[in-house]
**Student:** 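The structure follows.
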Amino acid sequence: MKHKQVIELINGGIAGLIGVTCVFPIDLAKTRLQNQQNGSRLYTSMSDCLIKTIRSEGYFGMYRGAAVNLTLVTPEKAIKLAANDFFRYHLSTDGKKLSLLREMIAGCGAGTCQVIVTTPMEMLKIQLQDAGRINAQRKLIGQAAAGGGDAGVRNLTGLQITKELLRKQGISGLYRGLGATLLRDVPFSIIYFPLFANLNDLWKGDVEGPAPFYCSFLSGCLAGSTAAVAVNPVDVVKTRLQSLTRGSQEDTYSGVMDCINKILRNEGPSAFLKGAYCRALVIAPLFGIAQVVYFLGVGEFILSVLPGAWH
């Protein structure tokens, strides 16, 4: 592995770990808002969701599923960054700046490669994030009160869900919603990478060398939030398809087109924007934090202080 790739892996992993820790409660609110259907609305907004989550599940209830993300975010970032660099290198001509089309092709390649890790990570995270909503809904309609017991969703760990899926469905169980994940992540990367590169160059102006920190920070935030909102309709579909447990009055879906048709028929076009502002609030800080980590040269520092880490 090249020196530059090692540094990108370290920086991407650290940025991912810090970012997930900071914005995970907002991501949990996004998942729950996207999953609730007409007739089973528990939350009216992101703040309402977080307040009710803290009241019913405690402060750490906002971090349901965070362990899965913290475990898999480093390999996900490594694949995404390495793939984008790989495609950009092979699409470049004599070191010249890539055309917009080639930047989009490189982003498409990176988005396609990352779903290897993204799909099972999102699959497990969604089950853990949405368990509290399903339990609250069942309690609300009296289905969890038989004999004073609790018939709600079991509070399984990510490892337990993985074992159960592998036992019942094999490896394909972890890749449920793969098509929808591709439909979300490929367009996201096609939008994000070229938009970030061009915003960075635009705001940098004629300054030689790398862009100033604030240019990269703002470019990352703006490009990330723009791409996140643009692909939110597919994210709603992906979230619905990957949710294994539902309320008694909620629709089930057999595939992407079935999900789209039922959402349009039962909830209207506005349902595809559920959680859009939450997703923008999640993505913008994630890429902003990533720029901070890269600007500070955390990866370079770690390699410099570890004896024998790199020669």
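This structure is a prediction, so every number in the text was calculated from the model and none was measured.
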**Student:** Any chance you could measure Ile79, atom CD1, to Asn84, atom CG, to the nearest 0.5 Å?
**Tutor:**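 Answer rounded to 0.5 Å: 13.5 Å.
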**Student:** Can you tell me if Asp130 uses its side chain to pair, donor with acceptor, with the backbone of Ile126 under 3.5 Å?
**Tutor:** no
**Student:** How far apart are the closest heavy atoms of Gly107 and Phe193, and which atoms are they?
**Tutor:** CA-CD1, 3.9 Å
**Student:** Could you tell me if the side chain of Ile260 sits less than 4.5 Å from the side chain of Tyr253, heavy atoms only?
**Tutor:** no
**Student:** Are any of the side-chain heavy atoms of Lys30 and Val282 separated by less than 4.5 Å?
**Tutor:**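 In short, these two side chains do not touch, never coming nearer than 4.5 Å.
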**Student:** Ignoring hydrogens and geometry, is there a side-chain-to-backbone donor-acceptor pair from Thr226 to Ala223 under 3.5 Å?
**Tutor:** no
**Student:** Hey, could you give me the CZ/CD1 distance between Phe196 and Ile191, rounded to the nearest 0.5 Å?
**Tutor:** 16.0 Å
**Student:** Report the relative orientation of the aromatic rings in Tyr192 and Phe188; use parallel for angles under 30°, tilted for 30 to 60°, perpendicular for over 60°.
**Tutor:** parallel
**Student:** Using a 4.5 Å cut-off on heavy atoms from C-beta on, say whether the side chain of Ile105 contacts that of Phe87.
**Tutor:** no
**Student:** Grab the two heavy atoms, one from Ser243 and one from Asn35, that are nearest each other, plus how far apart they are.
**Tutor:** OG-ND2, 2.8 Å
**Student:** Whether the side chain of Gln36 engages the backbone of Arg32 through a donor-acceptor N/O pair (distance < 3.5 Å, no angle test) should be reported.
**Tutor:**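 Judged by distance alone, no pair lies under 3.5 Å.
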**Student:** Would Met257 end up clustered with Val186 when hydrophobic side chains under 4.5 Å apart are linked, directly or stepwise?
**Tutor:** no
**Student:** Calculate, to the nearest 0.5 Å, the distance between atoms OG1 and CD belonging to Thr31 and Gln129 respectively.
**Tutor:** 3.5 Å
**Student:** Between Ile18 and Leu28, is there shared hydrophobic-cluster membership here, with clusters defined by ILVMFWY side-chain heavy atoms closer than 4.5 Å?
**Tutor:**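 No, it is not one cluster - the side chains of Ile18 and Leu28 are not joined through contacts under 4.5 Å.
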**Student:** Can Met121 be reached from Leu159 by stepping across I, L, V, M, F, W or Y side chains whose heavy atoms are under 4.5 Å apart?
**Tutor:**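 No, Leu159 does not connect to Met121 through the hydrophobic network.
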**Student:** Begin with the C-alpha distance, continue with both residues' side-chain angles, and end with the deciding distance and a verdict on side chain to side chain contact (heavy atoms under 4.5 Å, CB included) for Asn266 and Gln37.
**Tutor:** CA-CA 9 Å; Asn266 300 328; Gln37 302 176 23; over 6 Å; no
**Student:** Just verifying a value: how many Å separate Ser45 OG and Ile51 CD1, rounded to the nearest 0.5 Å?
**Tutor:** 7.5 Å
**Student:** Examine distances only and state if a side-chain atom of Asn232 and a backbone atom of Phe272 form a donor-acceptor pair shorter than 3.5 Å.
**Tutor:**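 Yes, Asn232 side chain to Phe272 backbone: donor-acceptor pair under 3.5 Å.
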**Student:** Would you say Arg176's side chain and Leu241's backbone share a donor-acceptor pair under 3.5 angstrom?
**Tutor:**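 Indeed, once roles are kept as given, a pair shorter than 3.5 Å links the two residues.
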**Student:** Applying a strict under-4.5 Å side-chain criterion to I, L, V, M, F, W and Y, I'd like to know whether Val115 and Leu183 cluster together.
**Tutor:**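 Hydrophobic grouping puts Val115 apart from Leu183.
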**Student:** Which one of Pro194, Pro187, Ser189 satisfies the side-chain contact (heavy atoms from CB on, under 4.5 Å) criterion with Met104?
**Tutor:** Pro194
**Student:** Around Arg55, counting heavy atoms of other residues, nucleotides and ligands shown, do more than 12 lie under 6.0 Å from its CZ?
**Tutor:** no
**Student:** Search all heavy atoms of Lys274 against all heavy atoms of Leu33 and return the closest pair with its distance.
**Tutor:** CD-O, 3.5 Å
**Student:** Working to the nearest 0.5 angstrom, can you tell me the gap between Met62 CE and Thr53 OG1?
**Tutor:** 8.0 Å
**Student:** Examine distances only and state if a side-chain atom of Gln242 and a backbone atom of Leu174 form a donor-acceptor pair shorter than 3.5 Å.
**Tutor:** no
**Student:** Just so I know, are the side chains of Met123 and Leu244 near enough to count as touching, which here means a heavy-atom distance under 4.5 Å?
**Tutor:**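 Yes, at least one pair of side-chain atoms sits under 4.5 Å.
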**Student:** Tell me the closest heavy-atom pair linking Gly158 and Val68, and the distance in Å.
**Tutor:** CA-CG2, 4.3 Å
**Student:** Are Leu286 and Met46 linked, directly or through other ILVMFWY residues, by side chains that come within less than 4.5 angstrom of each other?
**Tutor:**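 Yes, same cluster.
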**Student:** Which atom pair, heavy atoms only, marks the closest approach of Ser219 to Leu199?
**Tutor:**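 In terms of heavy atoms, the two residues are closest at OG-C, 3.5 Å.
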**Student:** So do Tyr63 and Leu128 actually touch side chain to side chain, heavy atoms under 4.5 Å?
**Tutor:**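 Counting from C-beta outward, Leu128 and Tyr63 never come under 4.5 Å.
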**Student:** What salt bridge (charged side-chain N to carboxylate O under 4.0 Å, His left out) pairs are there with at least one residue in residues 108-127, not counting sequence neighbours?
**Tutor:**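 For residues 108-127: Asp27-Lys125, Glu122-Lys125, Glu122-Arg184, Glu122-Lys238.
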**Student:** Is the closest side-chain heavy-atom distance between Val23 and Leu281 below 4.5 Å?
**Tutor:** no
**Student:** Given side chains that start at C-beta, do those of Val231 and Arg279 come closer than 4.5 Å, heavy atoms only?
**Tutor:**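 They are in side-chain contact.
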**Student:** For Leu42 versus Ala136, what's the shortest heavy-atom pair and its separation?
**Tutor:**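 So the two residues come closest at CD1-CB, 3.9 Å.
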**Student:** Give a yes or no on whether the backbone of Thr252 and the side-chain of Lys262 come within a donor-acceptor separation of less than 3.5 Å.
**Tutor:**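 Between the backbone of Thr252 and the side chain of Lys262 there is a qualifying donor-acceptor contact (under 3.5 Å).
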**Student:** May I ask you to test the Thr21-Leu70 pair for a side-chain heavy-atom distance under 4.5 Å?
**Tutor:** yes
**Student:** Taking Leu222's backbone N and O only, do any of them form a donor-acceptor pair with Ser225's side chain (distance below 3.5 Å, no angle check)?
**Tutor:**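 Answer holds: yes.
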**Student:** Just checking, is any N or O donor in the side chain of Glu57 or Asn135 under 3.5 Å from an acceptor N or O on the other one?
**Tutor:** no
**Student:** Please report the interatomic distance CZ(Phe24) to CD1(Ile26), rounded to the nearest 0.5 Å.
**Tutor:**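 CD1 of Ile26 is found 11.5 Å from CZ of Phe24.
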**Student:** Between the side chains of Asn200 and Ser216, is a donor N or O closer than 3.5 angstrom to an acceptor N or O?
**Tutor:** yes
**Student:** Do Gln169 and Tyr175 pass the side chain to side chain contact (heavy atoms under 4.5 Å, CB included) test, and can you show the C-alpha distance, the side-chain angles, and the key distance before you say yes or no?
**Tutor:** CA-CA 10 Å; Gln169 303 177 33; Tyr175 281 88; over 6 Å; no
